[in-house]
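Worksheet: the structure to be examined is printed underneath.
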Amino acid sequence: MNAARSVADALVSCFTPPEPEKNSSNTFNDSSASSSGSRQRRNSNQSIYGSSNGSTHSREPGSVKFTMEEILKATKNFSPSFKIGQGGFGTVYKGHLEDGTMVAIKRAKKIVYDKHLGVEFQSEVKTLARVEHLNLVRFYGFLEHEDERILVVEYVAKGTLREHLDCVNGDILDFASRLDIAIDVAHAVTYLHMYTDHPIIHRDIKSSNILLTENLRAKVADFGFARLAADSESGATHVSTQVKGTAGYLDPEYLKTYQLTEKSDVYSFGVLLVELITGRRPIEPKREIKERMTARWAMKKFLNGDAITTLDPRLVRSPANNFAMEKIFELSLQCLAPHRKNRPTMRKCAEILWSIRKDYNELSTSDEIQE
Ligand SMILES: Nc1ncnc2c1ncn2[C@@H]1O[C@H](COP(=O)(O)OP(=O)(O)OP(=O)(O)O)[C@@H](O)[C@H]1O
């Protein structure tokens, strides 16, 4: 999850052809975040900082500023014992705010901070401040002071979906949890596409940007690449923009045309569904050539009636799991359509997944009765 990325990270995982942004409506100018400005107390922040159900409408994007003193207090001066992660953006610390709220404090690496990454930071702040949904990592505020760039967000205890698929803690994510996670992500992205003041395209839906709670519910994180969608009322169908995202998840039509729409998130979601079923990463460089691009390999097997061979070997083969796997692959195939017009909306994906879950639950119950 990142608001900015290291050069190495950008080279490895991101495509950024040297096309200038043509329709950048995302510039966030926070000239007030100067050294004295950042020391000011937050003014209209109660709706985010103090309450759990503040309306997004009452928030002014970017108005929730933390002071360095607060950040240092929350992290015990960035104590190594509070460190919980390291990513392209920088270091992530666990911290407690004065009211006891547990937060994740994401401190940008100074060496990777430059003008370009600054725009990403501001874009992430602007987007985070606009949104509020149970399945999105909640935003508490930020600090932009001299060469420090810090985001304060909800602490999500159980790590990333990718870590769970890799079984890093030894626990296997069962099929029902994977289905719930797919639905949570579909809800979060539907909210971004349809229910914010202006539609937002996430642009970096992937398993390492999905955090899991204690109850294994999913929260989508990392708005560093998010963009406002085209204004359909003005007749626009897409925004033209530099390609950003992560290799393996990128919409081929967006790659070819630089035209970004909500359907690019739908494509990435299709890749994520395949990842949930197979447990594999979207690109598996160490496998034989025909298995390297996981989605292509799995969809081919599915179309040949051989989907079962792609099911994560850690998952039980049961009538309910086999049924849901086929149905989810059917949906993945639609999401992965080469042309965006043939992909479902994210809302449609959510509806299809609800129906799969309903049938899955019924089948699981009858499996149990027969055992
Ligand atoms: N809100 C959070 N709550 C709990 N842990 C978090 C939170 N955000 C990040 N982390 C932890 O910190 C690690 C690093 O996160 P970060 O967002 O910086 O980078 P990343 O996703 O690993 O990499 P990249 O920036 O390249 O996408 C994550 O893998 C996760 O374990």
Side-chain angles (χ1 to χ4, degrees), residues 1-16 48 66 71 74-75 78 80-97 101-114 116-117 120-121 123-125 127-128 131-142 148-169 171 184-185 188 202-226 244-250 268 271-272 275 281-283:
M1 292 148 288
N2 61 321
R5 280 166 192 272
S6 67
V7 174
D9 190 28
L11 284 173
V12 172
S13 65
C14 304
F15 292 102
T16 50
I48 295 179
F66 278 82
I71 300 289
T75 58
F78 297 114
S81 62
F82 280 53
K83 186 175 159 181
I84 51 173
Q86 183 86 47
F89 177 65
T91 312
V92 186
Y93 296 86
K94 195 154 83 166
H96 284 100
L97 299 183
T101 309
M102 179 102 99
V103 290
I105 294 180
K106 302 181 71 176
R107 185 188 198 193
K109 275 185 248 178
K110 287 179 195 155
I111 45 161
V112 301
Y113 183 76
D114 64 16
H116 168 68
L117 297 165
E120 266 175 24
F121 178 83
S123 158
E124 180 152 11
V125 165
T127 311
L128 278 166
V131 299
E132 183 167 12
H133 188 277
L134 186 72
N135 300 117
L136 292 174
V137 169
R138 193 162 163 232
F139 177 60
Y140 287 96
F142 73 100
E148 287 281 3
R149 297 292 179 277
I150 290 171
L151 289 172
V152 182
V153 297
E154 173 180 13
Y155 174 73
V156 189
K158 285 288 184 185
T160 70
L161 171 60
R162 190 60 251 172
E163 288 162 355
H164 283 259
L165 292 174
D166 288 338
C167 290
V168 289
N169 300 322
D171 295 332
D184 286 344
V185 176
H202 185 282
R203 277 213 289 189
D204 207 13
I205 296 297
K206 58 174 176 176
S207 56
S208 59
N209 280 342
I210 294 160
L211 296 170
L212 300 184
T213 67
E214 296 278 5
N215 300 327
L216 298 180
R217 300 319 299 248
K219 295 199 182 246
V220 174
D222 199 350
F223 288 80
F225 289 161
K244 299 244 178 161
T246 301
Y249 293 90
L250 271 166
S268 308
V271 177
L272 185 80
E275 212 178 335
R281 288 161 192 271
I283 302 176

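Just so we're clear, the structure is a prediction, and the values are computed from it rather than from any experiment. Numbering of ligands and ligand atoms starts at 1, following listing order. Residue numbers count from 1 along this sequence.
Taking only nitrogen or oxygen atoms, main chain and side chain alike, T160 does not reach within less than 3.5 Å of ligand 1. The shortest N/O to N/O separation between V92 and ligand 1 does not fall below 3.5 Å.
When non-hydrogen atoms are compared, ligand 1 lies under 4.0 Å from the backbone of E154 (N, CA, C, O) but not from its side chain. In L211, the part holding a heavy atom less than 4.0 Å from any atom of ligand 1 is the side chain.
Separating the NE2 atom in H164 from the CG atom in N169 is a distance of 6.0 Å, to the nearest 0.5 Å. The distance from the CG atom of D166 to the CG atom of L161 is 9.5 Å, given to the nearest 0.5 Å.
Closest to atom 4 (C) of ligand 1 by heavy atom, among V156, I210, D204, is V156. Between atom 31 (O) of ligand 1 and the options E163, K106, K206, the minimum heavy-atom separation is to E163.
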| request: Report the C-alpha separation of T101 and Y140 in whole Å, then their side-chain angles, then the decisive distance to 0.1 Å, and conclude whether the side chain to side chain contact (heavy atoms under 4.5 Å, CB included) test is met. | output: CA-CA 10 Å; T101 309; Y140 287 96; 3.5 Å; yes

| query | K206 and E275: salt bridge (charged side-chain N to carboxylate O under 4.0 Å, His left out), yes or no, with the steps? | reply | CA-CA 9 Å; K206 58 174 176 176; E275 212 178 335; over 6 Å; no

| task | Give the C-alpha distance, both sets of side-chain angles, the deciding distance and a yes or no for side chain to side chain contact (heavy atoms under 4.5 Å, CB included) between I84 and Y155. | result | CA-CA 10 Å; I84 51 173; Y155 174 73; 3.7 Å; yes

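Every atom of ligand 1 with a heavy atom of Y155 under 4.0 Å away is listed here by number and element: 3 (N), 4 (C). Counting the atoms of ligand 1 from 1 in the order shown, those under 4.0 Å from a heavy atom of V153 are 1 (N). Each of the following atoms of ligand 1 lies closer than 4.0 Å to a heavy atom of G85: 12 (O), 13 (C).
Taking the six-membered ring for Trp and thresholds of 30 and 60 degrees, Y93 and F78 have ring planes inclined between 30 and 60 degrees apart.
Using a distance-only test at 3.5 Å, with no hydrogens or angles considered, no donor-acceptor pair links the side chain of D204 to the main chain of N209.
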